[in-house]
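Read through the structure below, which is laid out as structure tokens, and then see the notes.
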Amino acid sequence: MFDSLRERILSPIRKFGQGGRITEESLEEAMKEIRRALLEADVHFKVVKEFLEQVKREAVGQELMKSVSPGQQFVKIVYDALVNFLGGKDVEAGLQLRAAPPVPLLLVGLQGSGKTTSAAKLGLHFKKKEKKKVLLVPCDNRRPAAKEQLRILAKQADLEFYDSDLSQPLPQIVKSAMEDAKRRVVDVVIVDTAGRLSVDEELMAEIGEVRDALQPFATIFVADSMTGQDAVNVAQAFNAKTPLTGVVLTKLDGDARGGAALSIKFLTGLPILYMGVGEGVSALEPFHPDRLASRILDMGDVLSLVEKAQEVITEDEAKDSVNKMSKGTFSLEDFLGQMRMMKKMGSMEGIMKMLPGGNKMMEQMKGVDAEGEMKKTEAIILSMTKKERKNHKILNGNRRLRIAKGSGTQVQDVNKLITKFEEAQKMMAQFAKMG
Ligand SMILES: Nc1nc2c(ncn2[C@@H]2O[C@H](COP(=O)(O)OP(=O)(O)O)[C@@H](O)[C@H]2O)c(=O)[nH]1
Ligand SMILES: [Mg+2]
């Protein structure tokens, strides 16, 4: 996510770290680099200007040039500016459904921005996180395949589906859908609409009609982050005609440059509510400006990682694991268990990137096949007997040779794993003492 922006912003900051003090010239130079980084990330020039002014103001106000650790202080200043432009701190992430059910939500946006996918993602989100019963309503009468697409997604996410008769006028469809929603006693109704390749009068008029008939609790603009500033212009055009509530920013898993994310709130006043991070129905996250700023500056996003972990690990499993760590009875068997849980959380790369400094670690590990290493580790541990897994101390030369053969690896691979495991054990014991 935002890889190139991250590198471009961090490189001048890293230079500060080495040289100690900051001079007027080195600050100027860093500001120039950040300016270039933002423009290249397709951030709107007005936002770039304002962003740099904020950073400059803070740098002067906090007497950065007299500071003994200007690098760290500067990172904090840039972090604060990022949080500010991504939407500010202390905002509630996501959409709060404060209305009597069934709560109607309307999704609008250009063609291909991710509306239909986001309808299902949002539905699954409300179902999983808030135990809501959700009805998906297709209202895209332009592309016949869109209805089927939504039906399939509804099935994947196990959500209710309204079988719209798309030969009917759209306002009629949404009214009947709301009637049906009351009968089925659903909590949330999500209406997917048609998009165009660009904003046009007909599209706006049509959305206006649907809106009047549906009276949505929220009208959500779905924006493709890959389109950068364009997404912002379109959001502005929509907002002028049909007041919007907020934005779902999609495709942040791709090589989006960050321009849309950093510009949209400042230029339209609309908060980013959710971000799409993949094609699957569960690839949606509530948008936290502070967490994203943290990720951009490679400070990690441990909070999101913990939330992700909570989705795949039961509380008992987590407690058990912590317990063993603190008692120093954490064995290779537990190590294997942890590795398998990590696998459930997604790719090694995805997890690493959410750790502080993770992007830098990834950089250093370039060429190392992390998934392959993990498979190897798994094979080695699986080739051990139960007794060996419980107590690695008994692993003498003979046993190691047998394990290497059994797992199709080399003795040095086995040795390396044991050393790494012992280091991990030591570290855990230390952490346990600290806590
Ligand atoms: N990688 C990625 N792809 C997405 C995301 N959201 C949507 N897509 C893909 O973008 C394409 C268009 O999405 P769709 O929901 O049909 O857009 P619509 O025309 O606005 O309804 C599809 O191939 C989706 O799978 C996302 O967050 N990440
Ligand atoms: Mg669609």
Side-chain angles (χ1 to χ4, degrees), residues 1-3 93-95 105-125 134 136-157 159 161-164 166 170 173-174 177 189-200 202-204 206-207 210 219-228 230-231 234-235 237-238 242 244 246-261 264 272-288 291-292 295 304 308 346-347 349-350 353:
M1 206 183 278
F2 304 157
D3 287 341
L95 186 67
L105 306 179
L106 181 64
L107 296 191
V108 301
L110 293 185
Q111 197 173 307
S113 56
K115 288 178 301 300
T116 305
T117 315
S118 298
K121 285 179 177 179
L122 282 169
L124 182 60
H125 170 80
V134 181
L136 298 184
V137 180
C139 241
D140 180 349
N141 53 6
R142 306 276 150 169
R143 296 193 323 195
K147 180 173 158 185
E148 282 319 303
Q149 185 192 357
L150 191 65
R151 192 200 301 272
I152 292 166
L153 289 166
K155 206 162 191 183
Q156 280 172 11
L159 302 169
F161 179 77
Y162 182 75
D163 197 359
S164 307
L166 290 169
L170 298 179
I173 295 176
V174 294
V189 177
I190 303 179
V191 177
D192 178 31
T193 60
R196 293 296 144 77
L197 291 172
S198 64
V199 185
D200 60 44
E202 205 191 330
L203 172 67
M204 301 312 298
E206 191 179 282
I207 285 169
V210 174
T219 305
I220 300 171
F221 181 72
V222 180
D224 178 347
S225 62
M226 309 282 281
T227 60
D230 259 0
V234 178
F238 265 87
T242 307
L244 300 168
V247 178
V248 171
L249 201 55
T250 64
K251 307 183 195 177
L252 280 174
D253 51 308
D255 45 10
R257 288 176 295 169
I264 214 160
I272 303 172
L273 301 168
Y274 297 93
M275 55 187 192
V277 292
E279 293 195 27
V281 282
S282 57
L284 182 85
E285 295 176 19
F287 188 81
H288 296 272
R291 297 186 190 182
L292 189 60
R295 281 196 216 178
S304 296
K308 230 179 180 173
S347 73
E349 192 178 329
K353 285 195 163 177

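For ligands, and for the atoms within them, numbers begin at 1 and follow the listed sequence. Note that this is a predicted model, so its numbers are computed, not measured.
Near K115, meaning under 4.0 Å from any of its heavy atoms, are these atoms of ligand 1: 15 (O), 17 (O), 18 (P), 19 (O), 20 (O), 21 (O). For ligand 1, the atoms closer than 4.0 angstrom to any heavy atom of Q149 are 14 (P), 15 (O), 16 (O). Every atom of ligand 1 with a heavy atom of K121 under 4.0 Å away is listed here by number and element: 5 (C), 6 (N), 26 (C), 27 (O). For ligand 1 and G276, the ligand atoms under 4.0 Å from any heavy atom of the residue are 27 (O). In summary, the atoms of ligand 1 found under 4.0 Å from a heavy atom of L110, numbered by their order in the structure, are 20 (O). Against a heavy-atom cut-off of under 4.0 Å, T117 is close to the following atoms of ligand 1: 7 (C), 13 (O), 14 (P), 15 (O), 24 (C). The contact set between ligand 1 and V277, taken as ligand atoms under 4.0 Å from a residue heavy atom, comprises 27 (O). Counting atoms of ligand 1 from 1 in the listed order, those under 4.0 Å from a heavy atom of R143 are 19 (O).
For F287 and Y274, the ring centers sit 6.0 Å or farther from each other.
Shortest contact from atom 28 (N) of ligand 1 to any protein heavy atom: D253 OD1, 2.8 Å. In terms of protein heavy-atom proximity, atom 17 (O) of ligand 1 is nearest to G114 N, 3.0 Å. The single protein non-hydrogen atom nearest to atom 21 (O) of ligand 1 is T116 OG1, 2.8 Å, given as residue, atom name and distance.
Side-chain atoms of S118 come within 3.5 Å of backbone N or O of G114 as a donor-acceptor pair. Side-chain atoms of S164 come within 3.5 Å of backbone atoms of P138 as a donor-acceptor pair (strictly under, hydrogens ignored). A donor-acceptor pair under 3.5 Å is absent between the side-chain atoms of K147 and the main chain of D140, judged by distance alone. Between the side chain of S225 and the backbone N or O of T250, at least one donor-acceptor pair lies under 3.5 Å.
Residue S113 places a heavy atom less than 4.0 Å from ligand 1. Using 4.0 Å as the threshold, D224 has no heavy atom nearer than that to any atom of ligand 1. Under a 4.0 Å heavy-atom criterion, G112 is in contact with ligand 1. In this structure, G278 has a heavy atom closer than 4.0 Å to ligand 1.
Counting backbone and side-chain atoms alike, T193 contributes no N/O/S atom closer than 2.8 Å to the Mg ion (ligand 2).
Contact check for V108 versus T219: side-chain heavy atoms found under the 4.5 Å cut-off. The shortest side-chain heavy-atom distance between Y162 and V174 does not fall under the 4.5 Å cut-off.
Checked for salt-bridge contact, E206 and R196 meet the test: a charged N lies under 4.0 Å from a carboxylate O. Salt bridge D224/K251: present, at least one basic N to carboxylate O contact under 4.0 Å.
Within the model, atoms CG of L249 and CG of L273 stand 10.5 Å from one another, a figure rounded to the nearest 0.5 Å. We find the CG-NZ distance between L107 and K121 to be 12.0 Å, quoted to the nearest 0.5 Å.
With Q111, K251, E279, M226 as candidates, the residue nearest to atom 11 (C) of ligand 1 on a non-hydrogen basis is K251.
Contacts between D192 and ligand 1, counted as non-hydrogen atom pairs separated by less than 4.0 Å, are absent for every part of the residue. At a heavy-atom distance under 4.0 Å, no atom of L252 approaches ligand 1.
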Next item on the list: Under the side chain to side chain contact (heavy atoms under 4.5 Å, CB included) rule, what do V248 and L284 come out as? Steps first, then yes or no, please.
Entry: CA-CA 9 Å; V248 171; L284 182 85; 4.2 Å; yes
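Considering backbone and side-chain atoms together, S118 places no N or O closer than 3.5 Å to any N or O of ligand 1.
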